[in-house]
Amino acid sequence: MQNKPLRNLIKGIIGGIITLLILTFIIRNSSVFYRKIIILPFQLHLNKQDLVLKKGEEYHLFVYGINKWVSYHSTNFRVAGVNFNGRVFAYQTGKAFIVAKVDGKELKCRVRVIDINKDKITLSVGDSARLKVTGPAHFPRWRSSDPNVATVSMFGRVKGKSKGSTVITARWKGKEVKCKVRVK
């Protein structure tokens with residue numbers, strides 16, 4: 001009877017250790033562990049840390065929490081350029097970082113620019129063609145607006161089924177690139 005409180009204490013300690021181990025493995029495999037920056041209120045940060053743009057698209061970056069001069073520059077101006085106001089321009093496919101300097105601190109935003117290899121294709125019934133998303137996009141989701149006219153595989157292979165026209169859409173990270181397909 002006198003060992004019962006000691007046993008309960010040991011069971012509680014062992015249970016707590018097991019719970020901590022399980023939570024450590026769960027958190028390590030979640031997005032909380034891989035998050036690069038934890039943004040606190042009233043801390044200097046950009047409105048986006050990761051940006052996906054289509055070729056020719058623009059986006060306005062700005063720094064939260066300040067009323068000071070910010071200077072911007074791009075690590076790869078051929079892919080994405082930036083002006084003095086923080087407007088980002090997507091010039092060609094690839095990856096670049098936009099760096100904002102304020103008060104001796106550097107804030108970074110990763111910019112990935114995507115495009116599609118063909119805007120329009122013409123196929124005969126039974127013929128096929130390959131579409132690709134150019135840039136750093138991996139495994140986009142493909143969709144045909146009219147699968148009776150042309151179908152598309154998960155790898156971008158378009159096959160003409162019957163006469164007509166349809167639009168093939170590739171979606172990646174919230175951005176869509178499109179190709180018009182005419183089957184004759």
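It should be emphasised that the depicted structure is a prediction, and the values quoted were computed from it without experimental measurement.
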My understanding is that only one of R141, K54, R171 makes a side chain to side chain donor-acceptor pair (under 3.5 Å) with E176; could you say which? R171
Could you state the interatomic distance from [atom1] ([X]) to [atom2] ([Y]), rounded to the nearest 0.5 Å?
X	Y	atom1	atom2	value
S124	R182	OG	CZ	9.5 Å
N85	L61	CG	CG	11.5 Å
L53	I114	CG	CD1	9.0 Å
K175	E57	NZ	CD	3.5 Å
R157	T151	CZ	OG1	11.0 Å
K163	K184	NZ	NZ	10.0 Å

Work out which heavy atom in [X] is nearest to a heavy atom in [Y]; give both atom names and the distance.
X	Y	result
P140	A170	CB-CB, 4.3 Å
N76	K95	ND2-O, 3.8 Å
K68	V102	CB-CG2, 4.3 Å
A150	S144	O-OG, 2.7 Å
V63	L46	CG2-CD2, 3.7 Å
F155	W142	C-NE1, 3.9 Å

Qualifying residue, where the test is side chain to side chain contact (heavy atoms under 4.5 Å, CB included) with C109 and the options are V82, L51, V88: L51
Test side chain to side chain contact (heavy atoms under 4.5 Å, CB included) applied to V152 and L131, step by step: CA-CA 9 Å; V152 62; L131 292 176; 5.6 Å; no
What verdict does the side chain to side chain contact (heavy atoms under 4.5 Å, CB included) test give for W172 and V133, after you've listed the backbone C-alpha separation in whole Å, the side-chain angles of each residue and the deciding distance to 0.1 Å? CA-CA 9 Å; W172 187 73; V133 175; 5.6 Å; no
Could you walk me through whether V181 and L123 pass the side chain to side chain contact (heavy atoms under 4.5 Å, CB included) check? CA-CA 7 Å; V181 177; L123 298 172; 4.2 Å; yes
Determine, step by step, whether H45 and L107 satisfy the side chain to side chain contact (heavy atoms under 4.5 Å, CB included) criterion, reporting the C-alpha distance in whole Å, the side-chain angles of both residues, the deciding distance to 0.1 Å, and the verdict. CA-CA 7 Å; H45 63 278; L107 308 170; 5.5 Å; no
Ring geometry between W69 and F84 (parallel below 30°, tilted from 30 to 60°, perpendicular above 60°): parallel
Could you label the plane-to-plane angle of the Y91 and F89 rings as parallel, tilted or perpendicular, counting under 30° as parallel and over 60° as perpendicular? parallel
